Amino acid sequence: MEKIIDENKQGQPLILDQKKENQRKLFIESYGCQMNFSDSEIVASILAKEGFNTTQDLEDADLVLVNTCSIREKAEQTVRKRLEKYNAVKKINPRMKVGVLGCMAERLKSKFLEEEKIVDLVVGPDAYKDLPNLIEEVDAGRNAVNVILSKEETYGDISPVRLQSNGVSAFVSITRGCDNMCTFCVVPFTRGRERSRDPQSILEEIDELVAQNFKEVTLLGQNVDSYLWYGGGLKKDFEKASDFQKATAVNFAKLLDMVAEKHPKLRLRFTTSNPQDMTLDVINVMAKHQNICKYIHLPIQSGSDRILKEMNRLHTRQEYFDLIDNIKSIIPECAISQDIITGFPTETEEDHQDTLSLMEYVKYEYGFMFAYSERPGTLAARKMVDDVPEDIKKRRLAEVIELQRKHSEYRHQAFVGKTVEILIEKESKKSDAHWSGRTTQNTVAVFPKGEYKIGDFVMVHIDECTSATLLGEAVGYSDNN
Ligand code: 5AD
Ligand code: SF4
């Protein structure tokens, strides 16, 4: 799920390892998908060893890093606006250096230095371990760029600094890159080919989180169901692996099973799933373990077979329905969410109606919906004309959003009168007398604080709901504490 988050969501400043005496201040902020937020925690860890402490105060920073997103044009515009802000701050803090990380860095490479004079440093998603050298270059007064994509890098050996954590839930990366080549998507170009992380290092990171009292872990990847560890290397090279490597390979179902088995009290989530890679084995493992949350983010993008083909989505509408039917028959209470794009090139009114009718069939719990935004270099940009007028894209988007709102309300209504387990994550944004947490289905629930505290699993009786939130009353601790 690559939700665009337009604000910096960092938590409190942290005092990091102090290996170098000469302390410097790092201001780091992230935009885009969870992978970026997770990568920023890796970057903070790498720079902690170089003597950088994080600060929340931009004006006080020696180094400002912005982890960027290229998924839609608007995401890039948001970053450009931030660069303007840094420019203004640099006038009162001239020692400040500015680095750009993530997908925009990879997409624009050294062009960034020409386009944005404020930028001193450009670092792609696989080059963060080179940051200490690159910063030395910048210290010596030279601009520095490293945008080399890797066949191996998974940052498996780096223990991330939990920058934005509530101390309850954390993200753990398990794969990097994407081999799917959806024609609209810039990610395969900015994050490279798909590779998986050693399960041993994943388990160690999760062990550490459990020891620190974390209660929920989300396994992260562009395409988690495609996870495959056979001793390292790219997913596409698996065919060339030895018989031994093939026989001992760990796929996503196995990884999920291993983690769930080892930590039966830890809530486990994962994102993102792609329909063609989601196997029955994964669904069965979800059903087998009560601690694996009953929620799947399963992007569809379009309900039209013709558009799915143009998008190179590698499955049909019927295959998607079959998958949904399998999920619901094995795990009837499983929540499903979508990503949908409206106004992909050549999309007709009929194609759009197919999307609406597909939504009617599934009745998703949630959705992340977007108007098509042409991305330079993608197959769609090269081979197709962005021919759906902006107002039609927007009108179709509004219809999709409205239908989703109805379905969310319908799904949430089904909780009213039931008692469900909630993991308390934080105080409700609207009231300091209420806690906010989520059901296994990922639905937010809010209820009076009572005797409970953050990190508790509580049973909550749901009295009412909106299209976004369940409202209820805690009736006791759950057995999971
Ligand atoms: N335009 C609009 N939405 C896009 N997404 C990816 N690329 C584009 C694009 N060019 C959406 C897809 C994907 C989600 C992460 O972002 O729905 O699943
Ligand atoms: Fe992009 Fe498709 Fe890969 Fe998702 S699966 S990151 S939409 S190419």
Side-chain angles (χ1 to χ4, degrees), residues 1-6 31-37 69-78 102-104 106-107 125 149 173-195 220-227 234-236 252 270-278 296-304 307-315 320 336-347 355 358-359 364 366-388 390 393-394 396-397 400-401 404:
M1 166 168 57
E2 295 186 48
K3 209 165 31 168
I4 298 302
I5 299 165
D6 280 334
Y31 294 88
C33 65
Q34 287 304 342
M35 188 68 88
N36 265 5
F37 284 77
C69 173
S70 285
I71 198 108
R72 282 169 289 277
E73 198 185 348
K74 188 163 165 277
E76 293 204 351
Q77 284 163 356
T78 305
C103 288
M104 267 177 98
E106 194 62 48
R107 197 177 81 71
L149 288 172
S173 296
I174 65 163
T175 70
R176 297 183 74 83
C178 185
D179 282 353
N180 277 347
M181 297 304 280
C182 300
T183 56
F184 52 81
C185 188
V186 78
V187 168
F189 302 95
T190 59
R191 289 195 167 265
R193 304 306 297 256
E194 208 172 289
R195 63 224 106 111
L220 268 190
Q222 247 73 43
N223 194 5
V224 279
D225 296 82
S226 172
Y227 176 89
L234 294 178
K235 166 91 187 243
K236 74 177 177 62
F252 185 57
F270 54 87
T271 194
T272 294
S273 293
N274 272 293
Q276 71 272 16
D277 293 309
M278 179 141 212
I296 304 172
H297 181 57
L298 202 60
I300 177 67
Q301 316 297 359
S302 168
S304 150
I307 295 290
L308 286 173
K309 205 157 182 219
E310 294 287 2
M311 288 175 160
N312 191 31
R313 285 295 288 176
L314 308 176
H315 63 82
Y320 188 80
I336 298 171
S337 62
Q338 44 85 349
D339 285 349
I340 286 175
I341 297 176
T342 62
F344 184 77
T346 75
E347 185 188 71
T355 298
L358 179 138
M359 291 176 74
Y364 295 98
Y366 324 89
F368 302 93
M369 295 144 287
F370 317 96
Y372 173 68
S373 163
E374 187 178 80
R375 307 311 296 133
T378 57
L379 215 76
R382 282 184 278 140
K383 297 268 160 65
M384 302 183 88
V385 180
D386 184 8
D387 60 355
V388 179
E390 216 49 38
K393 280 184 193 169
K394 291 272 154 63
R396 290 179 188 163
L397 179 63
V400 167
I401 290 174
Q404 183 53 58

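Each ligand, and each atom within it, is numbered from 1 in the order the structure gives. As the structure is a prediction and not an experimental result, all values here were calculated from the model.
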With a heavy-atom distance limit of 4.0 Å, tell me whether [X] approaches ligand 1 through its side chain, its backbone, both, or neither.
X: Gln301; value: side chain
X: Phe370; value: side chain
X: Ala371; value: backbone
X: Ile341; value: side chain

Would you mind running through ligand 1 and noting each atom that sits below 4.0 Å from a heavy atom of [X]?
X: Asp339; value: 13 (C), 14 (C), 15 (C), 17 (O), 18 (O)
X: Ile71; value: 5 (N), 6 (C), 7 (N), 8 (C), 9 (C), 10 (N), 16 (O)
X: Arg375; value: 10 (N)

*Spacing of Ser302 atom OG and Leu358 atom CG [to the nearest 0.5 Å]*: 8.5 Å
*Distance (rounded to the nearest 0.5 Å) between Arg107 CZ and Ile71 CD1*: 12.0 Å
_ligand 2 versus Arg313: contacting region, heavy-atom distance under 4.0 Å_ = side chain
*Is ligand 2 under 4.0 Å from a heavy atom in the side chain of Pro299, in the backbone, in both, or in neither?*
neither
*Determine, considering heavy atoms only, which of Asp277, Asn274, Leu314, Asn223 sits nearest to atom 4 (Fe) of ligand 2.*
Asn274
*Out of Ala75, Cys182, Ser373, indicate the one that has the non-hydrogen atom closest to atom 10 (N) of ligand 1.*
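The nearest heavy atom belongs to Ser373.
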_If I take every N, O or S atom of Cys178, is at least one of them less than 2.8 Å from atom 3 (Fe) of ligand 2?_
yes
*Mind checking whether Cys185 has an N or O less than 3.5 Å away from an N or O of ligand 1?*
no
_ligand 1 N/O within reach of Arg72 N/O, cut-off under 3.5 Å_ =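 There is such a contact, yes.
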At a 4.0 Å threshold, what atoms of ligand 2 neighbour a non-hydrogen atom of [X]?
X: Asn180; value: 5 (S)
X: Pro188; value: 8 (S)
X: Phe184; value: 7 (S)
X: Gln222; value: 6 (S)

*With a 4.5 Å limit on heavy-atom distance, are the side chains of Val224 and Thr271 in contact?*
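No; the side chains remain at least 4.5 Å from each other.
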*Hey, does Phe189 have a side-chain heavy atom less than 4.5 Å from the side chain of Glu106?*
no
Does any donor atom in the side chain of [X] or [Y] lie under 3.5 Å from an acceptor atom in the other side chain?
X: Thr183; Y: Asn312; answer: no
X: Lys74; Y: Ser373; answer: no
X: Arg313; Y: Asn274; answer: yes
X: Gln338; Y: Gln404; answer: yes

*For atom 2 (Fe) of ligand 2, decide whether Cys182 has an N, O or S atom at a distance under 2.8 Å.*
yes
_Going by salt bridge (Lys or Arg N to Asp or Glu O under 4.0 Å), name the residues that satisfy it together with Lys309, two or more places apart in sequence or in a different chain._
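If we apply the salt bridge (Lys or Arg N to Asp or Glu O under 4.0 Å) test to Lys309, skipping adjacent residues, there are no hits.
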*Using side-chain contact (heavy atoms from CB on, under 4.5 Å) as the criterion, point out the one residue from Val388, Asp386, Leu397, Thr342 that pairs with Tyr372.*
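For Tyr372, the side-chain contact (heavy atoms from CB on, under 4.5 Å) check succeeds only for Asp386.
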*Pair Asp179-Lys236, salt bridge (charged side-chain N to carboxylate O under 4.0 Å, His left out): steps then yes or no*: CA-CA 8 Å; Asp179 282 353; Lys236 74 177 177 62; over 6 Å; no
*Proximity of Phe368 and His297 rings by center, below 6.0 Å*: yes
